[in-house]
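Read the structure below first, then the notes.
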Amino acid sequence: MSSTKKNWPKLPLGIRFLIAAHSMSVDAFSRNDGSAVNRRLMNLFDPKASPSRKPDNGVVSSDIVVDTTRKLWFRLYSNTTTAGKMFIPIVVYFHGGGFAYMAANSMSYDDLCKRLAREIPAVVVSVNYRLSPEHRYPSQYEDGFDVLKFIDNPDFEGFSAFGNTDTSSNKAFFIAGDSAGGNLAHHVALKACQHQFSRLKLRGVIALQPFFGGEERTESELKLAGAPLISVKRTDWMWKAFLPHGYNRDHQVVNVFGPNSVDISDLPFPPTLVFIGGFDPLQDWQRKYVEGLNKSGKHVYKIEYPNAIHGFYAFPQLPDTSLLMAEIKNFVLKQLDQ
């Protein structure tokens with residue numbers, strides 16, 4: 001039995017309006033067969049923020065180009081109040097949007113990354129990866145890992161320019177992301193934990209309601225089929241637009257601990273923090289992810305918010321958002337103390 005609106009948590013009118021506008025634009029400007037998105041019209045519903053050299057509540061930002069040929073870049077955030085302090089961690093962040101929507105400079109993600117930089121505090125690297133369906137798997141994972149290699153290069157002086165991270169050969173970094181970005185965080189971390197970096201050291205993964213799936217229909221997908229912001233119909237479309245032609249949702253990058261999964265038991269995969277919302281249709285897949293990490297012998301921490309919808313962290317006025325920020329900070333500090 002699918003959910004009805006009267007079952008959903010009460011949300012402020014402004015948030016309900018933003019969710020409705022985003023949902024309408026996704027449905028209206030995406031071709032049903034997963035072959036195209038009308039970017040020009042979609043951008044009208046995805047306002048962008050410019051980088052700011054002038055501190056915004058203590059945070060400055062700038063855009064760094066990695067590869068002009070594929071328009072790969074990232075937005076670099078730094079907390080000016082930490083200038084001169086040592087051992088400020090780096091958080092490499094991947095935005096959500098089903099691999100097909102949003103960007104590193106989308107206003108909601110600009111605000112979120114500023115808050116991460118301010119409250120952890122941290123240097124935040126928000127990756128603007130290529131989008132599907134124009135660029136299908138593995139484009140997004142390649143972009144993410146190439147950004148890691150770019151910031152690991154000693155020639156990159158972006159961190160020292162801010163003067164707020166250590167200059168040792170072991171810069172602690174975390175890979176984080178929400179929704180599709182949480183999926184990216186897992187897979188990029190999987191590659192990163194097997195790579196020998198010259199000056200970076202991976203300390204953890206932070207997955208906010210990560211986007212996983214499979215051919216099976218889970219109880220939460222059936223119960224919350226019509227939930228706010230993300231529905232089974234939309235997630236099916238996103239996987240169709242993302243995966244190479246001929247593959248289904250049991251592909252190893254979708255169903256990470258499913259029938260085609262890769263055994264990670266012997267890999268040095270880092271501790272992982274996973275956030276789950278009680279009104280998120282993806283929650284059962286997220287619990288399967290936590291269970292899979294546990295069975296693989298990895299350290300994983302699960303935080304659940306019973307009344308949270310998918311993407312709640314985009315709305316700072318929701319109480320659970322502040323709780324999430326505090327949990328992220330605690331996790332980062334705990335891993336730095338290890």
Side-chain angles (χ1 to χ4, degrees), residues 14-15 18 47-66 73-96 102-128 147-148 150-151 156-168 170-178 181 185 199-201 203-206 208 273 275 303 311-337:
I15 292 178
L18 289 173
K48 302 298 195 296
S50 299
S52 177
R53 284 290 184 181
K54 182 179 179 181
D56 180 357
N57 289 327
V59 176
V60 294
S61 60
S62 61
D63 291 343
I64 310 293
V65 175
V66 177
W73 57 272
F74 61 85
R75 181 159 291 180
L76 184 65
Y77 299 86
S78 181
N79 187 327
T80 59
T81 65
T82 63
K85 295 183 180 179
M86 300 291 282
F87 309 117
I88 301 302
I90 299 161
V91 175
V92 178
Y93 195 88
F94 296 105
H95 68 81
M102 311 301 283
N105 60 347
S106 293
M107 194 168 291
S108 57
Y109 283 107
D110 187 66
D111 289 342
L112 179 62
C113 288
K114 283 178 182 175
R115 190 168 182 181
L116 289 170
R118 184 182 304 118
E119 296 190 21
I120 293 176
V123 172
V124 177
V125 173
S126 182
V127 181
N128 196 72
V147 167
L148 294 187
F150 183 89
I151 64 175
F156 174 60
E157 299 179 349
F159 302 136
S160 60
F162 284 120
N164 65 347
T165 191
D166 66 286
T167 57
S168 72
N170 285 316
K171 294 178 185 293
F173 82 102
F174 295 78
I175 300 179
D178 69 285
R199 62 173 183 168
L200 296 176
K201 183 175 178 58
R203 303 296 290 272
V205 173
I206 303 166
L208 286 63
L273 176 64
F275 291 97
I303 305 293
F312 70 93
Y313 38 80
F315 306 106
Q317 61 269 52
L318 295 179
D320 285 341
T321 302
S322 293
L323 297 176
L324 174 140
M325 286 291 169
E327 293 287 357
I328 291 176
K329 179 177 181 177
N330 290 339
F331 174 76
V332 169
L333 294 178
K334 180 178 179 180
Q335 300 313 313
L336 292 178
D337 285 341

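Starting from 1, each residue takes its place in the sequence as its number. Since the model is a prediction, treat every value here as computed from it, not as a measurement.
V123 is not listed as a side-chain neighbour of T82, based on a closest heavy-atom distance of 4.5 Å or more.
Nearest heavy atom pair, residue A104 against residue H95, reads N-CD2, 3.7 Å. Taking every heavy atom of both residues into account, D56 and R118 meet most closely at O-NH2, 3.1 Å. When all heavy atoms are compared, the tightest approach of S62 to R53 is CB-NH2, 3.6 Å. Taking each heavy atom of K48 and M107 in turn, the nearest pair found is O-CE, 3.7 Å. Nearest heavy atoms, M102 versus S108: CE-OG, 3.6 Å. The two atoms that bring N79 and A117 nearest to each other are ND2-O, 3.3 Å, heavy atoms only.
At least one donor-acceptor pair under 3.5 Å links the side chain of R199 to the backbone N or O of I151. Not a single donor-acceptor pair under 3.5 Å links the side chain of N128 to the backbone N or O of A103. Using a distance-only test at 3.5 Å, with no hydrogens or angles considered, no donor-acceptor pair links the side chain of S78 to the main chain of V60. With hydrogens and angles disregarded, no donor-acceptor distance shorter than 3.5 Å links the side chain of D110 to the backbone of N105. The backbone N or O of Q335 sits less than 3.5 Å from a side-chain atom of R203, completing a donor-acceptor pair.
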Criterion side-chain contact (heavy atoms from CB on, under 4.5 Å) on F275 and E327, from CA distance to verdict: CA-CA 10 Å; F275 291 97; E327 293 287 357; 3.8 Å; yes

side-chain contact (heavy atoms from CB on, under 4.5 Å) evaluation trace for N330 with K334: CA-CA 6 Å; N330 290 339; K334 180 178 179 180; over 6 Å; no

V125/F173 under side-chain contact (heavy atoms from CB on, under 4.5 Å): CA gap, chis, key distance, verdict: CA-CA 10 Å; V125 173; F173 82 102; over 6 Å; no

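With respect to the salt-bridge test (charged N to carboxylate O, under 4.0 angstrom), the residues R115 and D111 do not qualify.
For the atom pair CG of L116 and CE of M325, the computed distance is 4.5 Å after rounding to the nearest 0.5 Å. Separation of atoms CZ (F174) and CZ (F331) is listed at 6.0 Å; rounding is to 0.5 Å. One finds the CG atom of L323 at 11.5 Å from the CD1 atom of I328 (value rounded to the nearest 0.5 Å). To the nearest 0.5 angstrom, S61 atom OG is 12.0 Å from F74 atom CZ. Note: I90 CD1 to I175 CD1 = 11.5 Å, rounded to the nearest 0.5 Å. Going from atom OH of Y93 over to atom SG of C113 covers 6.5 Å, rounded to the nearest 0.5 Å.
The residue from D178, T321, D320 that alone fulfils the side-chain hydrogen bond (donor to acceptor under 3.5 Å, both in side chains) condition with Y313 is D178.
Taking the six-membered ring where tryptophan is involved, the planes of F156 and F150 are tilted, since the angle between them lies from 30° to 60°.
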